[in-house]
4 protein chains.
Amino acid sequence: MSKEKLNIAIVGSSGYAGGELMRILLNHSMAVVTAITSEKSAGKPITSIFPHLAGLTSLVCEPLEPDAIAKKSDFVFLALPHVTAQEAAFRFRKLGKKVVDLSADYRLSDPALYETWYEHAHQYPELLKDAVYGLPELHREKIKKASLIANPGCYPTGAILGLAPLMQEGRVDLGSIIIDSKSGVSGAGRSPSLAHHYPEVNEGLMAYKIGTHRHTPEIEQEFSALAGKQITISFTPHLVPMNRGILTTIYAKLSFQADTAQIHALFQAYYNNAPFVRLLPIGQFPNVRNVRGSNFCDIGVYVDPRTGRVVVVTAIDNLVKGASGQAIQNMNLMMGFNEAEGLRFAGIFP
Amino acid sequence: MSKEKLNIAIVGSSGYAGGELMRILLNHSMAVVTAITSEKSAGKPITSIFPHLAGLTSLVCEPLEPDAIAKKSDFVFLALPHVTAQEAAFRFRKLGKKVVDLSADYRLSDPALYETWYEHAHQYPELLKDAVYGLPELHREKIKKASLIANPGCYPTGAILGLAPLMQEGRVDLGSIIIDSKSGVSGAGRSPSLAHHYPEVNEGLMAYKIGTHRHTPEIEQEFSALAGKQITISFTPHLVPMNRGILTTIYAKLSFQADTAQIHALFQAYYNNAPFVRLLPIGQFPNVRNVRGSNFCDIGVYVDPRTGRVVVVTAIDNLVKGASGQAIQNMNLMMGFNEAEGLRFAGIFP
Amino acid sequence: MSKEKLNIAIVGSSGYAGGELMRILLNHSMAVVTAITSEKSAGKPITSIFPHLAGLTSLVCEPLEPDAIAKKSDFVFLALPHVTAQEAAFRFRKLGKKVVDLSADYRLSDPALYETWYEHAHQYPELLKDAVYGLPELHREKIKKASLIANPGCYPTGAILGLAPLMQEGRVDLGSIIIDSKSGVSGAGRSPSLAHHYPEVNEGLMAYKIGTHRHTPEIEQEFSALAGKQITISFTPHLVPMNRGILTTIYAKLSFQADTAQIHALFQAYYNNAPFVRLLPIGQFPNVRNVRGSNFCDIGVYVDPRTGRVVVVTAIDNLVKGASGQAIQNMNLMMGFNEAEGLRFAGIFP
Amino acid sequence: MSKEKLNIAIVGSSGYAGGELMRILLNHSMAVVTAITSEKSAGKPITSIFPHLAGLTSLVCEPLEPDAIAKKSDFVFLALPHVTAQEAAFRFRKLGKKVVDLSADYRLSDPALYETWYEHAHQYPELLKDAVYGLPELHREKIKKASLIANPGCYPTGAILGLAPLMQEGRVDLGSIIIDSKSGVSGAGRSPSLAHHYPEVNEGLMAYKIGTHRHTPEIEQEFSALAGKQITISFTPHLVPMNRGILTTIYAKLSFQADTAQIHALFQAYYNNAPFVRLLPIGQFPNVRNVRGSNFCDIGVYVDPRTGRVVVVTAIDNLVKGASGQAIQNMNLMMGFNEAEGLRFAGIFP
């Protein structure tokens with residue numbers, strides 16, 4: 001335990017999001033990880049699960065016992081599978097801890113919607129009301145006051161940031177939105193499966209869960225709130241043979257006459273104070289390679305005069321801005337730290 | 001020269017399309033390659049450029065001299081850069097040879113449109129009138145009678161096959177079509193450039209030429225012909241870190257009430273006699289890995305009841321069905337061979 | 001069942017080797033697959049397991065019941081895990097079928113050695129005596145007369161072909177042999193595991209089972225037989241982020257004064273009649289990309305005047321020359337077909 | 001210019017090594033980059049060449065004019081092609097600057113050897129005498145006092161660290177050393193070429209420059225110095241389809257009876273104070289994925305009782321410990337900073 005730094009627990013540390021929380025927090029000046037949990041690796045050093053961390057930490061996994069964990073930490077990141085995070089969040093909140101939940105359990109404010117898409121009833125609808133959707137570029141002030149953050153999904157982060165500046169009546173035809181996303185394989189998690197076995201993925205490319213992916217209602221919830229009316233989108237995720245990164249290509253009909261420069265100016269104004277959004281110059285489009293390992297979301301915009309559509313492309317690292325980096329960004333805001341603390345590093349290229 | 005088989009010349013044999021023509025024609029029972037050209041490799045055996053062909057051919061590259069080439073061959077594949085193919089096609093046609101041109105030079109029937117998109121005037125507008133767009137699934141009968149085929153572009157092949165069955169008034173909102181394509185890197189050709197340097201591409205993903213790619217008018221030409229009216233589409237190509245394959249995701253608003261089964265049935269009827277279209281069962285979607293190295297186009301369809309959109313996904317190997325395989329399919333039709341001759345092989349998986 | 005062609009059963013058809021047998025045999029003029037087995041996929045069409053074969057076969061998996069399978073086939077390929085192939089080979093031999101076993105079960109002629117390395121006793125030591133090690137370049141004549149072939153392992157194929165021409169007293173220091181092999185991931189099979197989960201493998205590279213890999217005694221057995229004395233080698237396999245291919249780099253001290261040209265000549269003489277060995281010109285070295293999907297083994301040799309060592313590099317496709325292609329090559333020899341029947345195709349590049 | 005921090009110039013900033021210097025130095029507490037040069041990109045912001053650095057630096061490239069650069073900086077990293085770095089080092093030394101040269105120009109202490117392998121005479125043999133070979137694990141004390149450091153090559157770094165603890169008479173047979181290295185493609189630099197064009201590299205694997213690679217004399221120089229006698233090695237580099245990383249597999253005959261535990265203990269003692277060498281536990285071997293983006297060199301050792309050989313495997317990131325990270329480690333030592341300053345970060349996995 002540190003007296004000078006915020007003591008952090010990572011609950012569910014053996015997955016890729018847990019590994020990234022560890023990696024990034026190693027260099028955070030205001031926080032330090034003091035407890036990590038993993039049921040299947042309890043008793044093992046984290047470096048046996050993540051050898052890339054060898055020499056940098058001596059933390060050992062322990063089982064998820066909230067009381068014990070709470071004694072070692074003031075702030076909890078939950079990197080558990082959905083459904084199981086419900087109770088963990090409840091327990092740690094009851095123990096007075098601030099919580100950032102990286103699962104989907106507290107993202108949909110309507111418990112009925114949660115049940116429809118996740119096929120489980122939500123056991124803590126009261127707590128759900130307290131949860132704030134942790135996309136800092138949209139909800140910075142609410143996040144600062146929150147004690148339970150629902151950290152956004154990886155696809156929704158790239159999608160929502162890509163269209164938020166235009167999500168109001170009069171800017172785009174709200175029924176025309178199409179979101180075509182392409183993700184690296186780490187987004188599917190660390191559990192082996194035939195679908196993510198190396199020779200099945202490499203030199204392959206596919207769409208999956210067309211129109212039925214669980215991130216769809218999450219995107220619609222945020223767009224609807226921005227637009228002030230219920231919105232339905234087409235969302236198609238794809239699996240790309242690379243480790244990290246989500247590229248999202250978004251199409252919408254403009255409701256008014258505008259060229260690329262005007263739309264670009266709208267984005268610039270919208271993200272003026274967002275330290276992790278990099279709006280690219282007109283004529284340039286993002287590449288996931290430029291955000292690999294970093295917390296940036298790169299955005300490019302184009303208005304097609306032939307079709308009257310705006311095309312927005314966003315790139316994030318699904319494990320950083322799409323998960324662990326954003327979780328730390330939320331922690332920074334909740335704790336009154338500088339929003340960018342511990343996150344001011346470049347991605348790795350090549 | 002063979003007396004029993006059709007003698008083939010490949011003009012421009014050092015690029016990937018040339019290599020694929022060689023590879024596939026090695027096992028064609030009715031045709032044999034008797035001449036190959038390459039300016040920069042003239043005098044060198046083709047196996048010095050394509051070592052994977054070692055032991056299977058002893059052909060030597062020669063310079064492009066139409067008279068000399070014409071003496072050795074009855075049928076010519078042009079695998080030249082666009083603009084330069086214009087004259088080559090003209091010369092070989094004048095020498096009485098049947099020609100399949102793999103470049104873009106004879107694809108757009110309107111020379112003004114060609115000039116707009118390719119920034120060169122078309123020198124042979126008369127010959128352009130004779131050219132048939134070589135997509136067998138749409139133009140089989142015309143191809144059989146043609147002596148100059150404009151072999152379709154790789155993106156247009158995947159895009160057009162994906163929506164042709166629905167391209168008539170009353171089926172989809174003709175203004176709502178969005179085509180989001182993802183291509184492997186071989187589609188960019190064999191000339192080195194920073195953009196396709198390995199470390200720049202691997203673990204990267206980007207959109208490029210949004211709304212401005214030259215394959216756009218080609219797709220629009222075919223869709224417009226099918227629909228009987230001028231159509232404008234949104235087309236976005238992406239570069240994916242893999243060697244081969246194009247996955248195309250197509251979105252359109254249905255103009256009538258239909259479910260997936262009905263749309264699936266329309267596709268089944270449309271491609272009933274197409275030996276290289278594999279319509280996947282309902283609920284399945286294509287993966288480029290399953291067509292790698294083969295001439296198949298795999299298609300999956302889905303109607304999203306939430307949005308009223310149809311989503312079609314197609315997968316091709318850009319070098320086979322998207323280039324050389326389709327060129328041979330066209331040759332088969334032009335020569336009265338079985339359409340599938342030399343092309344009945346599975347792709348390579350994994 | 002075909003009356004004109006050899007009827008083939010593939011026992012264990014759901015792994016990568018089974019898939020390759022299917023793919024290649026589709027275009028074999030003298031043989032046809034008439035039965036396939038898979039316990040876990042019994043009752044399912046093979047195309048549900050291998051969608052790349054869709055449209056080319058309608059075979060359905062059945063359980064492994066030797067009597068039933070034997071009624072449908074005259075020749076059996078066993079693509080089962082080691083240990084389990086022991087009995088299957090015995091059963092099919094007893095039913096009078098010729099068998100090529102792709103597992104390791106009949107490769108080591110000494111049952112004690114088998115037990116040491118595979119940690120199971122061999123149940124059919126009598127049958128083991130009948131088995132011929134199916135490396136055609138070394139044992140062509142024996143294979144022609146055999147009815148049970150032990151198809152070589154993938155690593156041994158590349159290693160043995162790389163040094164066989166030098167494996168006699170007086171050519172190399174028999175104690176100096178080092179074999180450093182690098183394999184694509186399909187060599188590890190189709191069962192998902194964390195070690196072969198895409199994000200764990202991609203952008204990674206490691207050695208494994210240093211000095212302890214089970215292919216070691218197989219290489220030593222063949223080298224010892226060639227040299228006429230017991231040989232011990234250093235063998236290190238590595239896992240490379242690619243689907244297919246094994247590159248093997250072999251080092252040995254020359255026992256006599258020789259330059260590259262002389263060693264090259266020895267190789268040329270040795271492989272003069274081998275249709276699938278491509279000895280590269282002096283100064284060139286193989287690349288697995290040039291054998292991808294083909295049955296070739298490419299070989300390059302170099303004598304280092306500084307060290308007196310010969311360095312040989314070989315490249316094979318681990319699933320073709322390293323497994324299924326070689327199995328078919330063996331079948332061709334056993335049946336009196338042309339050795340190259342069905343295997344005269346180029347690899348796929350790029 | 002900063003008054004509190006060391007002002008750094010990066011000469012040759014548009015290559016991958018230059019980019020990595022920029023990336024890492026962004027978070028160095030004692031140093032700041034104040035000048036960067038690139039002839040072809042003079043006048044352009046570095047972020048136009050390296051978009052992953054956008055938002056983190058506003059540096060603009062300038063031409064290489066030593067006087068102008070010297071006014072802006074106290075310490076110079078040369079990331080120029082070999083031969084051209086010769087004079088640059090001379091000029092900056094004359095201007096009183098400390099220099100770390102990442103090229104090969106000052107690595108070989110014998111100018112005749114340089115001329116033999118690099119085919120250019122060395123113009124500054126006097127300065128060559130001042131240069132210290134910048135491998136901190138071997139030459140830490142000399143580096144502290146040096147003002148010109150020859151930063152080691154990427155292959156030599158992995159090779160030398162892998163065998164240094166054993167390089168003395170009596171430990172290994174000095175004539176038996178074989179070094180088989182496998183590198184990612186960024187090691188070949190950022191200039192496009194057919195050999196490194198994406199589709200030529202991906203799914204490929206090859207050895208190159210067998211016995212003739214220019215890093216050979218560099219390894220031999222260091223080994224010879226350690227052993228106290230002239231040593232000749234076999235060195236084979238390979239090109240692996242991945243962006244970063246070098247895995248080096250080293251073989252040598254032990255000269256004394258020892259098991260893995262004893263050799264492991266020797267390594268442990270040797271690297272006891274080396275902050276960037278991670279000796280893996282017995283039974284574990286390194287994977288380049290675990291050092292990606294970091295300055296670590298991971299090492300695993302194994303003694304093969306069957307052959308009496310020791311096998312050592314090392315993994316580094318060729319751009320970090322193999323180039324820019326090591327250069328900064330050298331700077332830290334030269335400037336009296338903590339050796340690990342700015343380099344205490346984990347690699348990126350997955």
Side-chain angles (χ1 to χ4, degrees), chain A residues 175-178 180-184 197-212 216 220 232-236 238-249 251 253 285-290 292 300-309 311-313 315 348-350, chain B residues 175-178 180-184 197-212 216 220 232-236 238-249 251 253 285-290 292 300-309 311-313 315 348-350:
Chain A
S176 74
I177 300 166
I178 287 169
D180 191 285
S181 288
K182 300 93 178 166
S183 177
H197 187 51
Y198 184 90
E200 309 277 318
V201 171
N202 188 42
E203 291 290 292
L205 179 60
M206 65 169 186
Y208 66 101
K209 294 190 189 162
I210 301 179
T212 62
T216 310
E220 290 177 346
T232 307
I233 59 160
S234 285
F235 171 60
T236 309
H238 299 76
L239 189 74
V240 178
M242 59 184 188
N243 283 355
R244 288 173 180 242
I246 292 179
L247 195 83
T248 301
T249 313
Y251 305 86
K253 274 272 182 194
F285 293 95
N287 188 320
V288 295
R289 74 183 193 198
N290 296 323
R292 182 162 61 233
V301 300
Y302 176 72
V303 173
D304 188 343
R306 299 173 68 256
T307 62
R309 279 194 193 93
V311 184
V312 185
V313 184
I348 296 220
F349 167 80
Chain B
S176 74
I177 300 166
I178 286 169
D180 191 285
S181 288
K182 299 94 178 166
S183 177
H197 188 50
Y198 184 90
E200 308 277 317
V201 171
N202 189 41
E203 291 290 291
L205 179 60
M206 64 170 186
Y208 65 101
K209 294 188 189 165
I210 301 179
T212 61
T216 310
E220 290 177 347
T232 307
I233 58 161
S234 284
F235 171 60
T236 309
H238 299 75
L239 188 74
V240 177
M242 59 184 189
N243 283 355
R244 289 174 180 241
I246 292 179
L247 194 83
T248 301
T249 313
Y251 305 86
K253 274 271 182 194
F285 294 95
N287 189 320
V288 295
R289 75 181 192 198
N290 296 323
R292 182 163 58 234
V301 299
Y302 176 72
V303 173
D304 187 345
R306 298 173 68 256
T307 61
R309 278 194 194 94
V311 184
V312 185
V313 184
I348 296 219
F349 168 80

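Using a 4.5 Å cut-off between heavy atoms, B:Ile210 touches chain A through backbone and side chain atoms alike. The part of A:Ile177 that comes within reach of chain B is its backbone (N, CA, C, O), which places non-hydrogen atoms under 4.5 angstrom from that chain. When heavy atoms are compared at a cutoff of 4.5 Å, A:Ala207 approaches chain B by way of both its backbone and its side chain. In this structure, chain B has heavy atoms under 4.5 Å from both the backbone and the side chain of A:Arg306. Of the two parts of B:Tyr208, neither the backbone nor the side chain holds a non-hydrogen atom closer than 4.5 Å to a non-hydrogen atom of chain A. Looking at A:Ile246, neither its backbone nor its side chain comes within 4.5 Å of chain B, counting heavy atoms on both sides. Heavy atoms closer than 4.5 Å to chain B are found in the side chain of A:Phe349, but not in its backbone.
Comparing B:Asp304, B:Thr232, B:Val313 by heavy-atom pairs within less than 4.5 Å of chain A, the highest count is held by B:Thr232. Highest contact tally toward chain B, considering only A:Lys253, A:Arg292, A:Arg309, is held by A:Arg309 [criterion: heavy-atom pairs under 4.5 Å]. Most heavy-atom pairs under 4.5 Å with chain A: of the set B:Ser234, B:Pro199, B:Gly175, this distinction falls to B:Ser234.
Residues B:Val288 and A:Met206 fail the side-chain proximity criterion, which asks for heavy atoms closer than 4.5 Å. The shortest side-chain heavy-atom distance between B:Asn202 and A:Arg289 does not fall under the 4.5 Å cut-off.
With respect to A:Arg244 and B:Glu203, no salt bridge is recorded, no charged nitrogen being found less than 4.0 Å from a carboxylate O.
The distance from atom OH of A:Tyr302 to atom NZ of B:Lys209, rounded to the nearest 0.5 Å, is 13.0 Å. Note: A:Ser181 OG to B:Asp180 CG = 9.5 Å, rounded to the nearest 0.5 Å.
The closest donor-acceptor contact from the side chain of B:Asn287 to the backbone of A:Leu205 lies under 3.5 Å.
B:Thr236 and A:Tyr251 form a side-chain donor-acceptor contact under 3.5 Å, judged by distance and modelled atom types alone.
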